Structure formats: C-alpha cells, structure tokens
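To keep things clear, I will list the structure first and then write my remarks on it.
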Amino acid sequence: MPPIQSPKGTRDILPADMAAWDEIYATHARVAEAHGYRAIQTPIFEATEMFERGIGAGTDIVDKEMYSFETSGGDRLTLRPEATPATLRAVLGAHLDQERRPVRVHYAGPMFRHDRPQRGRYRQLHQIGVEAIGERSPVIDAEVIEIGWRFYEALGIDGIDLQINSLGDLDDRRRYRQMLVDFYTPHLAGLCDDCRRRIEINPLRLLDCNQDAHLAAIAPPASNALSPASSEYFESVLGCLRDAGITCTINRHLVRGLDYYAHTAFEFWHTSLHGAQNALGGGGRYDGLAEVLGFPATPGVGYALGVDRALIVLQDAGAGPAAATDADVVVCSLGAESVGYAAALARQLRAAGHRVILDAAERRLDRKLRNADRLGARVCVIVGDNELAARTAMVRDLGQRDQQSVAVDAVNNTVTAILGCGGEGDK
RNA sequence: GUGGCCAUAGCUCAGCUGGUUAGAGUGCCAGGUUGUGGCCCUGGAGGUCGAGGGUUCAAAUCCCUCUGGCCACCCCA
C-alpha cells in the first residue's frame, strides 16, 4: 500500500519554508496597515450561491473550478475560490460602511480552485489582498494600487510591470460589449471554438484570446466606449499614480470578465514568470457587486495577490529571509542522574524568555555539541554529575569557544549576557 | 478539461541496446576521545527502483493502467 500523500495540487509548508511565508504575510499586513487598512477574516467556505452570483455563471471559476458540496442538511456550500465577495458580504452585513467610508480592510488566506496544477498554480492557493469599500474615487483606486506596489517594493521584488486599463462605468461596458459583438460577428466563421462561445457569454474575453490575437489588435479599444466622465476618471487614476512615482503600462486588452466590474482594472506582472503564470496579482473596481449579492449599491475596489507566486519570484532571485534557527540555547545533560537537573535549568531559561532545547539523549558530549551547532544555538549549558553535586552549570559560548562554571542562580544572567552581546564569534 | 515530458537511498543524481546480491556524492547513526563542537579517519543503517498489471528464461530498463510532479494550452493568483 503506497503511503498517503497530500492531495493533488496541495503542498505542505515545512518549518524551513515558514520564515519566507511569514515574511510575506507580515510585510503585506505592515504595508496595508500603514495605509489605514485593518485585518479581516471570513469563513473558508460560503454559500455556493454567493459565488455563483458574485463571480458569475460563464466564468471558468464557477463553471468548472469550484470545490462545492452539499451538507447532510441540504446546504450548498463551496470552498472559497477568492475572497472579494465574502469580504464585501462581511463588511456590508455588519454595516461597517455606516460607521465610516470607505471601509479599509486587508486579508490573507487560502483559496481553492480545481485547476490542473503547475508551478505557481495550486488547487489550494494563497492570497493576500485589500478592499476599500464604500467610496468611488480615483484617489482610492490609486491608493489600492499603490499599496500593492509598495508591498512588492518592501519585499524587495524588482521588475514589477503594472498593467492597467479602464472599461468605464456599467453603461460604458454595455456599450463596449456591443461594439465588440458587432466587430467580431462578421468574423464568426474564422474564430476559434472558445471565442465562438465567448461571444455569447463574455465578449470582453475575446480580447485576450491568443489564437485570435490578430483580430484583437484591430478591435475597437475600450477607450472608444468611455463616456467623457469615465475617461476623466481614468485619467485621474493615472495622474495619482504618476504623482506617487508609480509607472504603469496601459493595456487595453486587460479585462476583468465580470459584469459588475467597472472603471479601473489592473494586474501586477513580473518578467521572471513566463507563459500562463505571468500575473502575480490583480484587482479592480467592482461597483456592481454589492447589488448582485443583495446589498444596497456600494462601490468598492481591491486586489488579490498570489503568495505562492511572490515566493517563486523571491526564490528565483535568490532573496528571502535567512534560515531560522531552532533554538538559542541547548541544555545538555551528561548521564541519567543529571537529566532532571538539566530539565529544570531549561525550564528556568525558557521562563527568562529564551528559546531552549533540552538534549537529554544518552550520547557523547562531542556529539551533543555538534548537534547544538546544527540547531543554530549560540549557547550550550552543560550539566553532569559534578554540576549536579555542586548546584552549578557549565555555560559555554559556542561562538567564542569558551566557558565558565556558574551557580544555578547565575545561569540566566550569564546566558542572557552572551546572547545579548550579539557576538556571532567565528560561526 | 486537452496534449506532451518525467518519477532510482532523507536530498542531488549515475545505472550503456533487458542479464548475478542496484551505485556515487551528501546527509543520518556509531566508533576513533571516562565530559568539550563546526574539520578529519573508519564502519553501519537506509531502496518491494512512485503503485498495480503485462511481455520475457530474466525488467529499474520494454508495454498498459493508475498516482504524483513539471511543461504547453485553457484560465487565472
């Protein structure tokens, strides 16, 4: 019988990798909170209907990528494929928008999509994001984009390519949809199978089809359908970004496929991610979403960034935090008699705030010292029969390679002094 | 969901057109030192060659199925 493995498209984050993950989450939280965004958490699963309405039939996510199930009580539930609908539901459901506008929140957590797995593409994927709910203003659009930009900057990721586009308000979008249908219909016979389906379901998606790219290149740009007010809105967003020193590429093929998206759409691309996975993250304004979910019309804008992909970029660049050590102090007993004494010393050191491993194994001291090195400890406290009898301990500075015998009561201070001076010795 | 490449020790990989008990480096454990480390020397453990089936006197090697990873699509993070 083969051993159980993690389900396809999922993976374990092992202790050695956790530092990099923690850094990404902590950096994002710090940058978002520097802009006044507060953390929020929503359930991992939600009513299936929320995603059907909030993401929309006709999208790949809803049509074929959701982990949906029915409870014994008959509820239709789905593991969340993204966080925006639930975040909006939570904020509006709790009436937070009645207290202040916009409501600024950030989140982090796993999402689930039944895709075919690849590098940087998982069935359990991890996203971090922000949402600003309750205000329609180009300043807010730019603020959200800037947070994402500063996040990558703070992580030390260079080469971010910000792609941006505007599809105008809901009326503009309807107009643009029709323009595209009119443009593509004469070419219907020459379109690929997918596009013949798209023209019915989601004409905006025609633009980013690779096979029919020659048509997309000459299709009318979205700017043709923008009302003067929408154009002005987009120009304002671009102006804010320019003032912030953020460079972007205007990409008129960039679309968010859902009907309630409006105005600004953007993605963060990176040159080191090739092919299908070139997007590190994306977002946009979703002024129609609240109504679709049954709430009063409420504008909103946000983004979602892929943690898994940010990690790939960091690793490919050879960046990332130094490997974490297991402990600062290892307490070694010598012989069975001193185990209890060593354990008490370890306890005493932990109470003083140190990270301490007790090595009570029956083996030679040189092996224990070697082990202490590998654990990344800087101090080793050695106790055997002599120390037990004299109520002392041998405190060894692993960096300096020297040691002193001190009384039990002085152990904490001695260890603290060695760790505190920050001396790494010749390690 | 479609098509392709791949899977040998904990890790990185050898293993020629099928041919005895499947190897190396590294890591792990132990000894070299009655209680002093990062090096070195010696020894040891560890593999039903991803799983299952088939062809053959004989399969890590050839064929089929499954599982998983990767790549290109599709789409997205």
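Fair warning: this is a prediction, and the values are worked out from it, not measured in the lab. Below, chains carry the letters A, B, ... as their sequence lines are ordered, and counting in each starts from 1.
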- Message: I need the A/R396 CZ to A/C332 SG distance, nearest 0.5 Å.
- Response: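 Atom-to-atom, A/R396:CZ and A/C332:SG are 11.0 Å apart.
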
Suppose you measure atom [atom1] in [N] against the same atom in [M]; what distance do you get, rounded to whole Å?
| N | M | atom1 | value |
| --- | --- | --- | --- |
| B/G50 | B/G68 | C1' | 8 Å |
| B/U8 | B/C16 | P | 15 Å |
| B/G23 | B/G46 | C1' | 14 Å |

What residues form a ring-ring contact (aromatic ring centres under 6.0 Å, His included) with [X], not counting sequence neighbours?
| X | result |
| --- | --- |
| A/F69 | none |
| A/H126 | A/W21 |
| A/F268 | A/Y152, A/F266 |
| A/Y286 | none |

Can you name the residues that form a side chain to side chain contact (heavy atoms under 4.5 Å, CB included) with [X], not counting sequence neighbours?
| X | value |
| --- | --- |
| A/D402 | A/D397, A/Q400 |
| A/C248 | A/L162, A/I164, A/L238, A/L241 |
| A/A390 | A/T392 |
| A/N413 | none |

- Query: Does atom CD of A/E33 have more than 12 heavy-atom neighbours, drawn from other residues, nucleotides or ligands, at distances under 6.0 Å?
  - Reply: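 Atom CD in A/E33 is crowded, with more than 12 foreign heavy atoms closer than 6.0 Å.
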
Regarding [X], tell me which of base, sugar-phosphate or nothing describes its non-hydrogen contacts under 4.0 Å with the strands shown.
| X | answer |
| --- | --- |
| A/I61 | nothing |
| A/E387 | base |
| A/G129 | nothing |
| A/E267 | nothing |
| A/L305 | nothing |
| A/D308 | nothing |

Expressed in angstrom and rounded to an integer, what is the separation of [X] atom [atom1] from [N] atom [atom2]?
| X | N | atom1 | atom2 | value |
| --- | --- | --- | --- | --- |
| A/Y122 | B/G68 | OH | C1' | 13 Å |
| A/D397 | B/G38 | CG | P | 16 Å |
| A/Q118 | B/G4 | CD | P | 15 Å |
| A/R401 | B/G35 | CZ | C1' | 16 Å |

Salt bridge flag under 4.0 Å for residues [X] and [Y]:
| X | Y | value |
| --- | --- | --- |
| A/R11 | A/D308 | yes |
| A/R370 | A/D373 | no |
| A/R285 | A/D287 | yes |

Could one point to a donor on the side chain of [X] or the base of [N] with an acceptor on the other under 3.5 Å away?
| X | N | answer |
| --- | --- | --- |
| A/R121 | B/C74 | yes |
| A/D385 | B/G35 | no |
| A/Q5 | B/U67 | no |

- Query: Side-chain contact, heavy-atom cut-off 4.5 Å: A/E387 with A/I382?
  - Reply: no

- Using a cut-off of less than 4.0 Å, is there contact between a side-chain N or O of A/K8 and OP1 or OP2 of B/G68? yes

- Task: Verify whether one side chain among A/Y233 and A/D141 offers a donor that lies under 3.5 Å from an acceptor in the other.
- Result: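 Per modelled atom types, A/Y233 and A/D141 side chains form a pair under 3.5 Å.
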
- Stem regions touching RNA chain B, defined by at least 3 consecutive Watson-Crick or wobble G-U pairs below 3.5 angstrom: B:1-7 with B:67-73, B:10-13 with B:23-26, B:28-32 with B:40-44, B:50-54 with B:62-66

Pull out every protein N or O sitting under 3.5 Å from an N or O of nucleotides 25-33 of chain B, one pair per line with the distance.
unit_1 : atom_1 : unit_2 : atom_2 : d
B/C28  : OP1    : A/R374 : NH1    : 2.4
B/C28  : OP2    : A/R374 : NH1    : 3.3
B/G31  : N7     : A/R367 : NH2    : 3.0
B/G32  : OP2    : A/R364 : NH1    : 2.8

Under-3.5 Å N/O pairs linking protein and nucleotides 6-9 of chain B:
none

- Query: Which sits closer to the 5' end of RNA chain B, A/E65 or A/L369, going by the nucleotide each is nearest to?
  - Reply: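 Between the two, 5'-proximity favours A/L369.
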
- Message: At a heavy-atom distance below 4.0 Å, what parts of residues 103-117 of chain A sit against RNA chain B?
- Response: A/R113, A/D115, A/R116

